[in-house]
Colleague: 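Dumping the structure here so I can ask a few things about it.
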Amino acid sequence: MSKSKQELLGYQSHLIQDNLTYFKPTRTSTTVTFAEEIRSSLQEPKKSISPKFFYDENGSKLFDEICTLPEYYPYNSETEILQSIEKKLLPYLSNEFHLVELGSGSSVKTRLLIDVLFKSQKHLQYFPIDISEILDQSAKSLCMDYENLKVTGVVDTYEKGLDFIEHYDDKPNLITFLGSSFGNLDHNEGMKFLQRINTLMKSDDLFLIGLDLKKDHEVLHNAYNDSQKTTAKFNLNVLKRINEELGADFNLENFEHHAVYDEQKGRIEMYLRSLSEQSITIPKSDLSITLSKDELIHTENSHKFSISQIESYLKESNFEKLEMWFDSRKYFALVLGKKI
Ligand SMILES: C[S@@+](CC[C@H](N)C(=O)[O-])C[C@H]1O[C@@H](n2cnc3c(N)ncnc32)[C@H](O)[C@@H]1O
């Protein structure tokens, strides 16, 4: 990695220990981006907040809690696939790979992949890319548990992380995108994103993506409307974050979590519903807004895919599908691909 590229991306490098470095933009630049994006998305006729802003420290903790809920099947389903992947994945790992992970979070499922990679190579360099500061803790904990692991983290958006790893060196990358985070993107964004990944891949790189499948509506509904209301807390936490970081005055009691499955669009849509007519000011975004009773702020889409949709996404973005693995309930798919 040449120094000029880090500088170009505006990163500060943090060398934590011999086997752990991470790169992140300055706090001032991330606050400015946050304030500007909130200003623009809350001024639209249909107000929204990007799901990438869910993940402050508390949001990341709440997401980890969601993963322990019985209703939240995506975590268990994908884990089940990863637990039985060793024999199926090893034949593709004849070279020594780097592991690159988009949206690595607490890197819990990643451990299953790291274990497989260590069956075929002695040393491993892991590049977690995540917008959340949770990356610091998860990287430290991995370094404690794996002796021959070197971690180079990027605390930034997927796109910036991809810029960072492009042309890093000649070693092949196994690029992973787990948790069906891809489902947050709409069709055009998703196509562009896959094309971007495809363009930066070398011919011997592999791409492993986890995708949530279409299924019974009640199962879907319950996964995003859990009985412990953890998803509701996760959704509302974004307003708390805007209060804390941008000085806003959202009263969380005046909003409620709302998540519905839109069959035609094949996605769960998540909103915050305003329970009364109210005005909000967000000083650091230089913004005042009014919300009417029952007005919705859109916070996330979570698309669910059919197998044919997955196949056409891959084909259109120039990927050859090598494998598609499922859990026993066929709730979730893990797809291994390479560049055509
Ligand atoms: C749904 S969680 C999935 C976490 C983990 N991969 C898993 O499967 O359990 C999404 C993760 O991606 C990160 N994230 C969300 N949007 C992002 C973005 N635009 N750029 C980088 N990271 C993002 C979040 O901080 C979070 O850790």
Side-chain angles (χ1 to χ4, degrees), residues 9 11 22-25 30 33-34 37 41 48-69 72-83 85 99-114 126-139 141-142 153-165 174-186 189-190 192-193 196-197 208-212 223-224 230-231 234-235 237-238 241 259 267-268 270 299-304 327 331-335:
L9 292 165
Y11 289 143
Y22 53 86
F23 294 88
K24 54 179 172 186
T30 46
T33 314
F34 183 29
E37 286 195 34
S41 69
S48 68
I49 298 172
S50 162
K52 68 177 179 238
F53 296 127
F54 281 138
Y55 300 93
D56 64 350
E57 196 187 341
N58 197 36
S60 290
K61 275 194 199 137
L62 285 166
F63 179 74
D64 282 351
E65 249 182 68
I66 289 175
C67 291
T68 67
L69 298 168
Y72 195 70
Y73 65 84
Y75 184 82
N76 294 335
S77 301
E78 194 175 36
T79 302
E80 184 194 324
I81 307 173
L82 286 164
Q83 277 167 340
I85 210 176
L99 177 61
V100 176
E101 183 171 18
L102 298 164
S104 48
S106 52
S107 296
V108 175
K109 279 178 280 180
T110 321
R111 288 171 180 257
L112 297 163
L113 281 176
I114 293 177
Y126 171 48
F127 296 84
I129 296 165
D130 201 294
I131 199 163
S132 167
E133 301 268 340
I134 196 179
L135 194 150
D136 305 7
Q137 299 152 35
S138 40
S141 138
L142 283 175
V154 183
V155 186
D156 208 342
T157 59
Y158 305 133
E159 292 79 6
K160 293 275 182 60
L162 290 172
D163 291 345
F164 182 96
I165 59 144
L174 168 59
I175 302 176
T176 61
F177 195 21
L178 303 179
S180 203
S181 297
F182 177 76
N184 295 155
L185 308 174
D186 67 25
E189 292 166 340
K192 266 201 194 153
F193 195 66
R196 169 72 185 117
I197 294 174
L208 185 68
I209 180 166
L211 295 164
D212 198 6
Y224 295 84
T230 311
T231 312
F234 172 75
N235 196 9
N237 180 64
V238 75
R241 179 180 186 188
R267 67 191 194 196
I268 288 279
M270 212 152 84
T299 50
E300 187 178 76
N301 288 326
S302 188
H303 289 85
K304 310 300 163 192
D327 59 303
Y331 276 2
F332 205 90
L334 197 61
V335 185

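In listed order, ligands and their atoms are each counted from 1. This one's a predicted model, so the numbers in the text were calculated from it and none came from an experiment.
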Colleague: What I want to check is whether the side chains of T230 and Y72 have a donor and an acceptor closer together than 3.5 Å.
Modeller: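 No, no side-chain donor-acceptor contact under 3.5 Å.
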
Colleague: May I ask you to check whether F53 and F34 place their ring centers less than 6.0 Å from one another?
Modeller: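 Yes, they do, as the ring centres are separated by less than 6.0 Å.
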
Colleague: Do any nitrogen or oxygen atoms of C67 lie less than 3.5 angstrom from nitrogen or oxygen atoms of ligand 1?
Modeller: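 Checking ligand 1 against C67, no N or O pair falls under 3.5 Å apart.
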
Colleague: Of the choices D130, T79, D56, I134, which has the non-hydrogen atom that lies closest to atom 26 (C) of ligand 1?
Modeller: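 Minimum heavy-atom distance to atom 26 (C) of ligand 1 goes to D130.
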
Colleague: I want to confirm something. Looking only at heavy atoms, which of Y75, Y158, F54 is nearest to atom 15 (C) of ligand 1?
Modeller: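 Among Y75, Y158, F54, the closest heavy atom to atom 15 (C) of ligand 1 belongs to Y158.
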
Colleague: List every atom of ligand 1 that sits less than 4.0 Å from any heavy atom of G179, numbering the atoms from 1 in the order shown and giving each element.
Modeller: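 So the atoms of ligand 1 that pass are 8 (O).
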
Colleague: I'd like to know whether ligand 1 has D156 as a neighbour, heavy-atom separation below 4.0 Å.
Modeller: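 In this structure, D156 qualifies as a contact of ligand 1 - some heavy atom is under 4.0 Å.
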
Colleague: Of all heavy-atom pairs between T30 and P25, which one has the smallest distance, and what is that distance?
Modeller: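 Where T30 meets P25 most closely, the heavy atoms are CG2-CG, 3.9 Å.
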
Colleague: So is S60 touching ligand 1 or not, going by heavy atoms under 4.0 Å?
Modeller: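 Heavy atoms of S60 never come under 4.0 Å of ligand 1.
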
Colleague: Answer yes or no: does an N/O atom from K109 fall short of 3.5 Å to an N/O atom of ligand 1?
Modeller: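 Yes, at least one N or O pair falls under 3.5 Å.
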
Colleague: Would you say CD of E189 has more than 12 non-hydrogen atoms from neighbouring residues, nucleotides or ligands within 6.0 angstrom?
Modeller: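 More than 12 within 6.0 Å, yes.
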
Colleague: Under 4.0 Å from any heavy atom of T157, which atoms of ligand 1 are there?
Modeller: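 Those of ligand 1 that fall under 4.0 Å from T157 are 20 (N), 21 (C).
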
Colleague: I want to know if ligand 1 touches I131 in the polar sense, i.e. an N/O pair below 3.5 angstrom.
Modeller: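 Yes, there is a polar N/O contact under 3.5 Å.
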
Colleague: Determine, considering heavy atoms only, which of G103, S107, G105 sits nearest to atom 5 (C) of ligand 1.
Modeller: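 Shortest heavy-atom distance from atom 5 (C) of ligand 1: G103.
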
Colleague: Mind telling me whether Y73 and Y331 have parallel, tilted or perpendicular rings, with 30° and 60° as the class edges?
Modeller: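 Correct class here is perpendicular.
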
Colleague: Can you label the angle between the F193 ring and the F177 ring as parallel, tilted or perpendicular, going by 30° and 60°?
Modeller: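 Geometry flag for F177 against F193: tilted rings.
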
Colleague: Output yes when D156 and K52 qualify as a salt bridge under the 4.0 Å nitrogen-oxygen rule, no when they do not.
Modeller: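 Result for this pair is no, no salt bridge flagged.
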
Colleague: Does a side-chain heavy-atom distance below 4.5 Å link S107 with Y126?
Modeller: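 Answer yes - side chains close enough.
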
Colleague: Could you tell me which atoms of ligand 1, counted from 1 in the order shown, lie closer than 4.0 angstrom to a heavy atom of S181?
Modeller: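 Listed by number with element: 1 (C), 3 (C), 10 (C).
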
